[in-house]
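This report refers to the structure that appears directly beneath it.
Note that ligands are numbered from 1 as they come in the structure, with each ligand's atoms numbered from 1 the same way.
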Amino acid sequence: MSRTGTLFIISAPSGTGKSTLLTHVIGLNPQKRMLSVSHTSREARKGEQHGVEYYFISAEDFKERIEKSEFVEWAEVFGNYYGTSKTAIEKILLQGKDVFLDIDWQGAQQLKKVIPNVTTIYILPPSKTVLYSRLQGRDLDATDVVEHRMDEAVKEMSHHTEYDYVIINDDLEQAKLEIQSIVMSKRLQRPYQIEKHHDLIKKLLEE
Ligand code: ADP
Ligand code: 5GP
């Protein structure tokens with residue numbers, strides 16, 4: 001029997017370490033875990049590929065898709081549109097896989113209304129100074145973009161109160177352990193265990 005997939009939302013200010021932690025936790029069980037690939041109207045950065053990091057589309061195309069209700073959630077972040085396609089998520093969930101969404105607080109709020117069982121995780125940096133240096137260290141954005149993202153970080157972080165779990169990404173190994181523990185504890189909840197071990201439980205309860 002195939003298990004039902006679950007959804008995990010990971011949010012954090014840009015540069016906190018979301019991608020690093022997601023790559024790790026998905027890599028621990030790549031057959032059963034998948035990252036949802038969002039659509040965005042942002043320009044692709046050097047090295048980013050269409051369909052891998054994002055589906056890169058124009059702002060016009062994005063707006064048309066909003067009109068057609070193609071997104072389960074969408075938001076404007078740093079002046080660009082970002083959104084999660086409904087069909088992509090459904091496909092992964094039907095395969096019984098866990099889906100991980102790297103989305104902002106606006107998207108998390110929308111998704112929680114549609115899928116109440118979603119597990120939400122907020123990642124905080126150990127300090128603003130560290131966040132700044134990680135943002136710079138990624139070497140992905142121009143200085144003005146880094147400054148803009150730092151300005152937005154405080155507003156973004158104030159939403160951590162809306163999440164089920166909070167991880168402080170200071171020591172990377174500790175943070176990796178914590179994210180894996182959250183995912184595992186979700187899987188150990190009774191409804192998932194009953195579904196997964198249906199035959200065993202039936203046998204155990206036979207008189
Ligand atoms: P995000 O996806 O949140 O924007 P990244 O995963 O790209 O962030 O991480 C930003 C930078 O910080 C990367 O260079 C990454 O290697 C580094 N980084 C992530 N977590 C840690 C950590 N716990 N300690 C030190 N550096 C980290
Ligand atoms: P970046 O431009 O650094 O890839 O992402 C910027 C921000 O957009 C991050 O906070 C990321 O979580 C958020 N984001 C990425 N994809 C989506 C999405 O599909 N929906 C929403 N709401 N936010 C997203």
Side-chain angles (χ1 to χ4, degrees), residues 7-27 35-57 59 62 65-66 70-89 92 99-115 118 120-142 145-146 148-160 162-163 167-179:
L7 275 175
F8 294 89
I9 293 179
I10 320 291
S11 301
S14 199
T16 305
K18 270 172 301 182
S19 315
T20 307
L21 290 172
L22 280 170
T23 305
H24 167 75
V25 80
I26 291 169
L35 185 68
S36 155
V37 179
S38 297
H39 285 70
T40 185
S41 64
R42 146 163 104 58
E43 291 281 315
R45 294 184 186 120
K46 213 172 132 220
E48 285 184 332
Q49 287 173 277
H50 183 75
V52 179
E53 286 81 7
Y54 287 104
Y55 295 104
F56 295 98
I57 58 174
F62 200 104
R65 287 167 192 255
I66 295 173
E70 284 187 18
F71 298 114
V72 65
E73 65 75 31
W74 66 272
E76 203 179 327
V77 189
F78 310 128
N80 294 305
Y81 293 114
Y82 294 84
T84 306
S85 138
K86 260 183 216 167
T87 46
I89 296 280
I92 306 174
V99 190
F100 293 79
L101 294 107
D102 170 347
I103 63 175
D104 82 328
W105 61 271
Q106 304 173 79
Q109 282 186 354
Q110 293 170 45
L111 214 68
K112 276 201 292 189
K113 285 187 194 142
V114 190
I115 307 168
V118 62
T120 56
I121 307 170
Y122 204 92
I123 322 272
L124 287 171
S127 69
K128 284 187 196 166
T129 316
V130 167
L131 177 61
Y132 189 69
S133 73
R134 283 187 195 161
L135 259 181
Q136 279 183 318
R138 292 196 314 182
D139 211 17
L140 293 176
D141 299 305
V145 176
V146 170
H148 181 45
R149 288 184 177 228
M150 270 312 285
D151 290 344
E152 291 291 316
V154 175
K155 190 169 135 207
E156 165 71 51
M157 286 190 288
S158 71
H159 289 276
H160 74 277
E162 297 157 21
Y163 288 69
I167 295 175
I168 312 295
N169 183 21
D170 187 0
D171 176 67
L172 185 56
E173 292 313 308
Q174 180 65 23
K176 284 179 176 175
L177 198 65
E178 290 176 0
I179 194 166

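- In terms of polar-atom proximity, D102 is not counted as a contact of ligand 1, lacking any N or O under 3.5 Å from an N or O of the ligand.
- Of the protein's heavy atoms, R134 NH2, 3.2 Å lies nearest to atom 24 (N) of ligand 1.
- Between H39 and F71, the ring planes lie perpendicular to each other; the angle is over 60°, past the 30° to 60° tilted range.
- Contact annotation: T23 has no heavy atom less than 4.0 Å from any atom of ligand 1.
- Given atom 2 (O) of ligand 1, the protein heavy atom at minimum distance is S19 OG, 2.5 Å.
- A donor atom on one side chain and an acceptor atom on the other are found under 3.5 Å apart for E178 and Q174.
- Residues R42 and F78 have side chains not in contact (no heavy-atom distance under 4.5 Å, counting atoms from C-beta outward).
- Remark: minimum distance from atom 7 (O) of ligand 1 to any protein heavy atom is reached at R138 CD, 3.3 Å.
- With R134 contributing its side chain and T16 its backbone, the two residues share a donor-acceptor pair below 3.5 Å.
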Original post:
Step by step, would you call T84 with E73 a side-chain hydrogen bond (donor to acceptor under 3.5 Å, both in side chains)?
Top reply: CA-CA 6 Å; T84 306; E73 65 75 31; 2.4 Å; yes
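- Of the protein's non-hydrogen atoms, G17 N, 3.1 Å is the one closest to atom 8 (O) of ligand 1.
- Contacts between I123 and ligand 1 below 4.0 angstrom, taking non-hydrogen atoms only, are absent altogether.
- Protein residues having at least one heavy atom under 4.0 Å from any atom of ligand 2 are S14, K18, S38, R42, R45, Y54, E73, A75, V77, F78, Y82, G83, T84, D102, I103, D104, G107, R149, listed by chain and number.
- Remark: T20 OG1 to I179 CD1 distance equals 10.5 Å, nearest 0.5 Å.
- Less than 4.0 angstrom separates some heavy atom of D170 from each of these atoms of ligand 1: 22 (C), 23 (N), 24 (N).
- Nearest residue to atom 20 (N) of ligand 1 from L135, N169, I10 is N169 (criterion: closest heavy atom).
- In this view, K112 satisfies the salt bridge (charged side-chain N to carboxylate O under 4.0 Å, His left out) rule with no residue, not counting sequence neighbours.
- A salt bridge links K176 with E173: at least one charged nitrogen is closer than 4.0 Å to a carboxylate oxygen.
- Centroid-to-centroid, the aromatic rings of H159 and Y122 stay 6.0 Å apart or farther.
- Counting atoms of ligand 1 from 1 in the listed order, those under 4.0 Å from a heavy atom of L172 are 20 (N), 22 (C), 23 (N).
- With rounding to the nearest 0.5 Å, the separation of OG in S11 from CD in E156 is 6.0 Å.
- For ligand 1 and T20, the ligand atoms under 4.0 Å from any heavy atom of the residue are 5 (P), 6 (O), 9 (O), 15 (C), 19 (C).
- Ligand 1 lies less than 4.0 angstrom from a heavy atom belonging to G15.
- Within the structure, the closest approach of S14 to ligand 1 falls below 4.0 Å when heavy atoms are considered.
- Inspection of the S38 and T40 side chains reveals no N or O donor paired with an N or O acceptor under 3.5 Å.
- Here the side chains of V77 and Q106 are in contact, with some heavy-atom distance below 4.5 Å.
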